[in-house]
Trainee: 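Right, I'll just put the structure down here and ask away after.
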Amino acid sequence: MSDHREIAVTVNGRRYREAASDRMLLSDFLRQRLGLTGTHVGCEHGVCGSCTVHLEGAAVRSCLLLAAQADGTELRTVEGLASGDRLHPLQEAFREHFALQCGFCTPGILMAALDFLAHNPTPTRREIAEMLSGHLCRCTGYAPIIDAIAAVAGTGTTPEVTS
Amino acid sequence: MSGASASGGWIGATPHRVEDETLLRGRGRFIDDLSPVPGAMHLALVRSPFAHARIRGIDTSAAAASPGTLAVLTGADLAATGRPLGAVIRGATEHHAVAVDVARYAGEPVAVVVARDRYLAEDAAELVDVDYEPLEALVDPLAAAEAGRVVSDRSFRYGDPEAAFAAAHALVRGRFPFGRWIAAPVECFGVIADWDHAADSLTVWANFQGPFTLHTVAAGALGLPAARLRLVTPPDSGGSFGVKAGVFGYIVLAGLTSKICGVPVRWIEDRVEHLAASGSATHRVTDVEAAFAADGELLALRYDVIEDVGAYLRAPEPATLYRMHGSLTGAYAVHNVAVRNRVVHTNRCPTGLNRGFGGPQLYLALERIMERGAARLGLDPVEVARRNLVPPEAFPYRTPTGGLYDSGDYAACLDDAIEAVDYEGLRRRQAERRAGGDDRLRLGIGLACVVEPSISNMGYISLAETAEERARGWPKSGNAEGATLAMNPLGGVTVRLSTVPQGQGHRTVAAQVAADVLGLSPADVEVQSEMDTHVNAWTVSSGNYSSRFAGIGAAAVAEAAAQLARKLRRIAGDVLECAPADVELVDGQARVVGQPDRGVSLRRLAGAAHWNPESLPAGLEPGLAVTAFVSAPNLDPPNDADEVASSAAHGFVVDVAVVEVDIATGEVRILDYVTVHDAGTLLHPRLVDGQILGSFAHGLGPALLEQTVHDDDGNLLTGSFMDYLCATSTEVADLRILHRCTPSPFTPLGAKGLGEGNTMSAPAALANAVCDALGLDGPDLPLTAPRVWEALAGAGGREGS
Amino acid sequence: MKPPPFRYVRPDSLEEALALLATHGDEAKVLAGGCSLVPMLNMRLARPEVLVDVNRVGGLAEVRADNGDVTTGAMLRQSAFERSPQLRGALPLTAACAPYIGHFVTRNRGTVGGSLAHADARGELPLVLLTLGGSVLAESRRGRRSIAAEDLFLYHFTSALEPDELLTDVRWPAAAPGWGYGFAEMAQRHGDYALAMAACALRRRDGVVAEVRLGLGAVADRPLLAGEAAGVLVGQSLDGAAGDEAVREAASLAAAAAQPFEDLHASVAYRRQLVSLLSEQVIRQGWLDADDRAGEGGP
Ligand code: FES
Ligand code: FES
């Protein structure tokens, strides 16, 4: 793959400039070029949701984007959620509710849920389930994830989403 | 949700998982996050588009010339340096990591491309020109049996089934196919292999879930003594549910490729590869016959089973078929059983470990026939179940097939379940609805009572051979697990597990267990769970399968901790001038029992042992590291009567599913679902419920949605997540979980496995519920809306028997 | 699952984009939201030489209301139909279908123009545009033309757009007094492609149906209008036994008009059954929805 293109992005507030080919997927760029391996890849056809990141504040599938498309944009990944020692309240809630087992699906779900709560701060459980249906988790049976998201919904702690 | 349990110990408490913070921060270390060796080249595999084809030739020249390509290898290249993958049964079709001469399933690897990155490797893979001569494909298990593609055909007889059938008041029979499905972890397979030509050894990093027996199989196929196959697993694995046992074939593939090319190589499976070629549950067709007395007593069972294991008998198959052998009578005290088991080859991907592993197939047949028996006798299914459950006073209970059930109170669990759903009320509502006018929404209630075996006896697999054949080899049994525990000079404790967790939280529980034994807090205990076969204490049964952790993996930690505690007590007895037996370990201290102020910190004792071994009591070996192994009792090799205790511990699960079926659309809605578990002592109740929820979702999947489907030519129709319909959050129903705890007398902590029970029970319970709602016998799983509707449309009653 | 090689170009202006399409024609693919195209690239089922990313072309995501129509730029994200109060008010039928388009995250990225140009016979937006009688604007260096929804969807995955044309705007007839709407679909899982779907726009006047359009999706190689079925409703009140009868007749005509396929998931007969049920449902929704309004106007 010839890496003839320079991609400049800001991820989690940090600026990067790395080479990529035209066809490199954003998920691969984040993981392989920037070393941000918290964004996971589970299907590469947009179904499992594990690659979900924020692009200009909106949750998107990074396996359905080219790195080239992100040039000049601002991204946020799971690595950018905690501040120092402090986990983000949603991350805390996941821990509290045992909402992860293998944790492979978790980063994508966290990113999607944050964007979701920013638009719908007080969702019903059904609405949370509908949002979550865009993500596969084969470990938890989903209920604990819904619990965790419901627990932070409406607490006013979440809309602190991407800058 | 933290702090010690009510009893004051950490076992039974619900501390946060130590695994979580790393994972939540995106700092997990999964296989594709690792670069353990520099310069690894990437593999892409060329896979057969045909289910069955002769490979007349492979032209690799264009691919080899493709940019960034280092090498293109064929099956013949690999076979020249490696060996076939060993199979459990002699006479099974020879299986190579990459097909030689003939491809036998769509998706089988036929060539390997080695290139600078995966993009370039896939470019080159497209240029590999394979000349195929398509051959006729066999897809259906019954057709395969008919065609004589039978690898193993064994018949078993326990008690006097013929007499029981002759004396029966009622006979019911049915055929219950259970199609293929796959637990499909969200993370696919991954292998990094580095062949060292100087040492003639291979180091492999893989998200495999063993070593167990498959390390041995892989070493054999690599042509290596086992000591020169070093297997390392990453700290994190993105789920497995058994499926990643299939990684071992790719360990061989990548290892041989690294050997031939002289470079380290890396292969990360993609989802299309995973769905086509990683494995799946077996496709099993069970004909079952049950003999009942008029009062509902189950007198005898007869099974005729055809098990499709795919194109090759991939180890440990045909384990799916024999894993439940000691439990063929399920939860029922019936003494007469006849079984015929046929294992057949088809032109489909080889099957393998998959959550539930033989249980879903068995219990669909058994629980459906119980329901049908009740209907035939005009009795309530709950009454028929109750009439036949193994009674509490019968434990330990020997099943006719040789299983030894450890403990339980099955009837009490059943009572709990029917009370929780208000069974009487439901039946009343159902009768009212049936009597009422609008019958578009039909109510159905389904029951499943299943015994959930855990901690497999590896010896059960040898039942696929006759007693005489077995006598020619080594007797096999066993389930042992090891753990290493060490105290550092400052009194901190490290534990190294060999249980290869894939998300279950073993590290959290191991810390609880060690903390309890050593009088510490889990925070004082660091647990590592990476497998490194050159470092860890492991046995041929080590790994993550058959729900072994709670019963045997955690017990190994407890045993190692107990041995360390004994040593610490001896040192403390010396320091405190008392008998070691009078020393207790509490709150980081060694104290004289009954005299809380006479004590010494563990840190002091550890310091002494490390810094001043001379000060140790005479005869005490220096060092504070302990490796211990434990093994559950009663697991002998199969005997000459083909009886086998196939598992060490047996939990019990009762499910009641309440569904509403819309007969206009065929939609099945779950109105209520209760599961009652008895898994003995619960080490961490929240993690227990997590396993139950997950295993329920994996049971609901193949019950309602998920199936791996091939067309008549063996082409996969469910090759992406667009067509393989994993259950999502909007389909997985709310589950109500109740517990009873009858500790196992056979496991050191009294715990039983519990991660597969609902995968076994949910398909049966949901099938019973839907059949109850519709008053007809079908359709086959999965009970998708279109299939339910078709069954109704085609029904004037497809009732068997 | 990595895309084959291609050249990626990202025009900033419409002129540039049209010039690129004019040059590369058949060899080029327009990259909008990527929800359908990129999976096909990753599976190597699509192999364009040039990928023209129109995400940064200015002015393609605007919303304008004029003359009883709402015009949305092609690059408007699907999520806008759920989130924008203006669009929800003016385009209730589009808003009703929006939650069924893929999932929360894909709707953030997927675009209205992308869905229409993709012409997936199972798409919600094509069905709704057809049901409302909307149209699209297509532009190329040769000029600009309007294509009615009825003429846009040719067959599965094939639209009437020429290779050098870019879909720039979508014209949606806005809700007007007296009109009511219904949308329903049945899928195996939430967010999956529908096994069948139906949409209805219905004008009620003087206690009877004055005008009605009934659209069917996922049951032919393109979305369909069930004209004959709609016809039996006109002039009828849908209340009471006679209304029930009319709705049932319309539903069975709709089922007959469908041309469903058999696939892995469902049979032809089942899909027809769904068409009948869903048609009934959306007609009733439309009737009730129209109940408390009055007046006239476009759909
Ligand atoms: S990897 Fe992107 S959705 Fe699965
Ligand atoms: S926690 Fe394992 S897939 Fe969700």
Side-chain angles (χ1 to χ4, degrees), chain B residues 42 44 66-67 115 117-123 125-126 188 268-275 440 662-668 701 704-711 715-732 782 784-794, chain C residues 1-6 8 35-36 38-45 47 99-100 102-106 120 122 184-198 218-219 248 251-252 255 260-281:
Chain B
H42 293 250
S66 182
D117 68 40
R118 176 69 182 230
Y119 291 75
L120 295 171
E122 290 191 18
D123 293 349
E126 289 186 309
C188 293
I268 304 297
E269 182 193 54
D270 66 35
R271 183 57 62 184
V272 167
E273 296 184 280
H274 187 81
L275 290 172
R440 176 167 165 179
D662 181 338
I663 61 166
T665 62
E667 280 172 287
V668 175
L704 299 184
L705 283 165
E706 299 181 25
Q707 191 166 28
T708 301
V709 184
H710 295 84
D711 69 13
N715 301 307
L716 181 63
L717 301 181
T718 50
S720 82
F721 273 160
M722 308 298 288
D723 287 315
Y724 186 84
L725 305 180
C726 296
T728 75
S729 51
T730 38
E731 290 78 46
V732 178
T784 64
R787 293 167 69 114
V788 170
W789 184 83
E790 297 288 351
L792 275 162
Chain C
M1 293 181 71
K2 306 295 180 191
F6 50 74
Y8 169 86
C35 299
S36 303
V38 181
M40 286 169 59
L41 291 172
N42 291 358
M43 295 189 192
R44 300 195 176 211
L45 299 172
R47 309 177 162 270
Y100 296 93
H103 294 97
F104 170 80
V105 172
T106 60
D120 190 327
R122 302 160 301 176
E185 74 167 55
M186 167 93 176
Q188 308 233 63
R189 298 175 302 180
H190 182 81
D192 275 348
Y193 286 116
L195 296 170
M197 55 188 162
V219 288
R248 267 199 299 276
S252 75
F261 313 91
E262 161 129 27
D263 68 5
L264 167 66
H265 301 294
S267 67
V268 167
Y270 181 71
R271 286 188 159 97
R272 277 197 209 284
Q273 161 79 356
L274 289 184
V275 169
S276 162
L277 291 169
L278 295 170
S279 297
E280 262 193 57
Q281 194 178 330

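Model, not experiment: these values are computed from the prediction. Letters go in sequence order (proteins before strands), and every chain restarts at 1.
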Trainee: Name the option with the most non-hydrogen atom pairs under 4.5 Å to chain B; the candidates are C:G191, C:P4, C:P5.
Mentor: C:P5
Trainee: Working to the nearest 0.5 angstrom, can you tell me the gap between B:T718 OG1 and B:H710 NE2?
Mentor: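 B:T718 OG1 to B:H710 NE2: 6.5 Å, rounded to 0.5 Å.
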Trainee: What part of B:S729 is in contact with chain C, defined as an atom under 4.5 angstrom from a non-hydrogen atom: side chain, backbone, both or neither?
Mentor: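 Looking at B:S729, nothing touches chain C.
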Trainee: Just so I understand: if I count every heavy-atom pair under 4.5 Å between each of B:L725, B:L717, B:V272, B:T730 and chain C, which residue has the most?
Mentor: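 The answer is B:L725.
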Trainee: Once rounded to the nearest 0.5 Å, what's the spacing between atom NE2 of B:H274 and atom CZ of B:F721?
Mentor: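 With rounding to 0.5 Å, NE2 (B:H274) is 7.0 Å from CZ (B:F721).
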Trainee: With a 4.5 angstrom heavy-atom cut-off, is it the side chain or the backbone of B:V709 that approaches chain C, or both, or neither?
Mentor: side chain
Trainee: Of the backbone (N, CA, C, O) and the side chain (C-beta and beyond), which part of C:R271 lies under 4.5 Å from a heavy atom of chain B, both, or neither?
Mentor: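 For C:R271, neither part sits under 4.5 Å from chain B.
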Trainee: Side chain, backbone, both or neither: which part of B:E667 has a non-hydrogen atom closer than 4.5 Å to chain C?
Mentor: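 Just its side chain gets close to chain C.
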Trainee: How long is the span from the CG atom in C:L264 to the CD atom in B:Q707, to the nearest 0.5 Å?
Mentor: 9.0 Å
Trainee: Using a strict threshold of under 4.0 Å (side-chain N to carboxylate O), is an ion pair present between B:R118 and B:D270?
Mentor: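 Looking at B:D270 and B:R118, the cut-off is met.
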Trainee: Main chain of B:A727, side chain of B:E706: is a donor-acceptor contact present, judged purely on distance under 3.5 Å?
Mentor: yes
Trainee: Tell me the salt bridge (charged side-chain N to carboxylate O under 4.0 Å, His left out) pairs involving residues 187-197 of chain C, sequence neighbours left out?
Mentor: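 Pairs touching residues 187-197 of chain C that pass the test: C:R189-C:D192.
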Trainee: Heavy-atom cut-off 4.5 Å, strictly under: side chain, backbone, both or neither for B:E731 against chain C?
Mentor: side chain
Trainee: Is C:P3 close to chain B through its backbone or its side chain, or both, or neither, when contacts mean heavy atoms under 4.5 Å?
Mentor: both
Trainee: At what distance, to the nearest 0.5 angstrom, does OG1 of B:T728 lie from NE2 of C:H103?
Mentor: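 B:T728 OG1 to C:H103 NE2: 6.0 Å, rounded to 0.5 Å.
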Trainee: Is it the backbone or the side chain of B:D711 that comes under 4.5 Å from a heavy atom of chain C, or both, or neither?
Mentor: neither
Trainee: B:E273 versus chain C, heavy atoms under 4.5 Å apart: side chain, backbone, both or neither?
Mentor: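 Looking at B:E273, nothing touches chain C.
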Trainee: Between chain B and each of C:H265, C:M43, C:H190, count heavy-atom pairs under 4.5 Å; write down the option with the most.
Mentor: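 Between C:H265, C:M43, C:H190, the count favours C:H265.
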Trainee: Report yes if some heavy atom in the side chain of B:R440 is under 4.5 Å from a heavy atom in the side chain of B:T665; otherwise report no.
Mentor: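 Of all side-chain heavy-atom pairs linking B:T665 with B:R440, at least one is under 4.5 Å.
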